[in-house]
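Reading through the structure tokens given below for one structure.
Ligands are counted one by one from 1 in listed order, and the atoms in each one are counted from 1 as well. We number each residue from 1, following the sequence as shown. As the structure is a computational prediction, the values presented were derived from the model and not from experiment.
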Amino acid sequence: MSLIEVRSAAKRYGDLAALRDVSFDIERGEWISVMGPSGSGKTTLVNLLAGLDTPTEGEVRFEGRDLARMGAAELALHRRENVGLVFQQYHLVPYLTSLENVMLAQYLHSLPDEGEARRALAEVGLEARAGHLPGEISGGEQQRVCVARALINHPRLILADEPTGNLDAANAAQVLGLFTRLHNAGGTIVMVTHDPEIGRLANRRFELRHGELHAERRSTREEEELFDDVLQQFWERREAEGGGNECADFTPPMLDNRSVLLSMRARGILREEGEAFALTEGGERRARDIVRRHRLAECLFRETLSIRNNEQIEANACVLEHVLSPEVTESICRFLRHPAACPHGRPIPRGACCGDGGPI
Ligand code: ADP
Ligand code: MG
């Protein structure tokens, strides 16, 4: 039995169909992203899954039990026991400290335990903020308190409605890191997001349009690009650990996303090494090639085409790296006289054309 089964669910508000005849299953351990324009029914869907609202038609079942058939008390218990909710607006009680806000959630579970609440805050990196009021901490920190609060009961289903919508890139990355950890530990996540970069962290993507749901798997091309990006992150992390190189700025924590890494293992790009993943020989070659293409493209844009806008260079290099053929890559390398480093000073892996014994 799937964790969640939705059967022909619809939600109407008078004449308005917020959700139309929606059916799907969600398996344990899946990460689903829900995307779609404003007003397309994303929050309505999350509310139905949470049991905060009931469909006007159809069923929403959690482990086989129809939420609409539960009494109010039973439903409240189900939400407390099984569901963790994170919203875009933080919904913290303004006159309670971070610790007290987390403990309030425990109180609802009738299990206030200060030690556990402190550990939950420590897990989201907020030990030092335990005694602060929401007004005294940043938006990113408030959202992390919400994540700590949502996770206090180890919910089997985590529902997040644009959890990074109000956060800057660095804070968003941190919050996504928390979700990634949960996912890797087997948690089931349904996350509404506008950001395609975040959307592709998921195994499956639900697209809502005018209340209609389209479930999509990653296309082969998306998957290949995703793998390339992960390989690049592998390479950059290794360089950063080797020291000396500036680290990549914001990258969503795909590198730590177990489901992506498992797909890459299945494709022979990675192998498991104890708890961690390492590049296979083929993966190593592919990583070197993608990094080489990316950095050569950067050189081309900056030195030959005299583009000075770093963001533009980066954005275009990110596209080009996926489409340059080996032959064209060699031509660019020759044309640029086999540059040793990209415009940021990071080494460009040598290619066969570089005449010094090929790849090192
Ligand atoms: P999204 O989260 O994708 O922006 P929502 O699920 O919040 O969209 O809303 C879907 C549609 O349902 C919108 O047209 C919205 O105005 C309408 N709607 C949502 N909640 C209510 C409500 N309580 N009463 C009436 N209409 C609502
Ligand atoms: Mg919404």
Glu63/Arg28 ion pair, N-O < 4.0 Å: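 Here Glu63 pairs with Arg28 in a salt bridge, since their nearest N and O are under 4.0 Å apart.
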Among Glu74, Glu59, Glu5, side chain to side chain donor-acceptor pair (under 3.5 Å) partner for Arg65: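 Running side chain to side chain donor-acceptor pair (under 3.5 Å) over Glu74, Glu59, Glu5 with Arg65 returns exactly one hit, Glu74.
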What protein heavy atom lies closest to [atom]? Include the residue and the distance to one decimal.
atom: atom 11 (C) of ligand 1; result: Gly39 O, 3.7 Å
atom: atom 23 (N) of ligand 1; result: Tyr13 CE2, 3.5 Å
atom: atom 15 (C) of ligand 1; result: Leu16 CD2, 4.7 Å

Side chain, backbone, both or neither: Asp161 near ligand 1, heavy atoms under 4.0 Å: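 None of Asp161 does.
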Pro37 heavy atom under 4.0 Å from ligand 1: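 Contact check Pro37 vs ligand 1: positive.
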When the side chains of residues 14-24 are checked against the rest of the protein, which donor-acceptor pairs come out under 3.5 Å, sequence neighbours left out?
from: Arg20; atom 1: NE; to: His210; atom 2: O; distance (Å): 2.8
from: Ser23; atom 1: OG; to: Ser8; atom 2: N; distance (Å): 2.8

For the Mg ion (ligand 2): protein N/O/S atoms at distances below 2.8 Å: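 Excluding waters, the total comes to 1.
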Over 12 foreign heavy atoms within 6.0 Å of CZ, Arg337: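 Result for CZ/Arg337: open.
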Parallel, tilted or perpendicular: rings of His78 and Phe62 (30°, 60°):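 The rings of Phe62 and His78 stand perpendicular, inter-plane angle above 60°.
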Nitrogen or oxygen atoms of Gly41 and ligand 1 under 3.5 Å apart: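 N/O-N/O distance below 3.5 Å exists for this pair.
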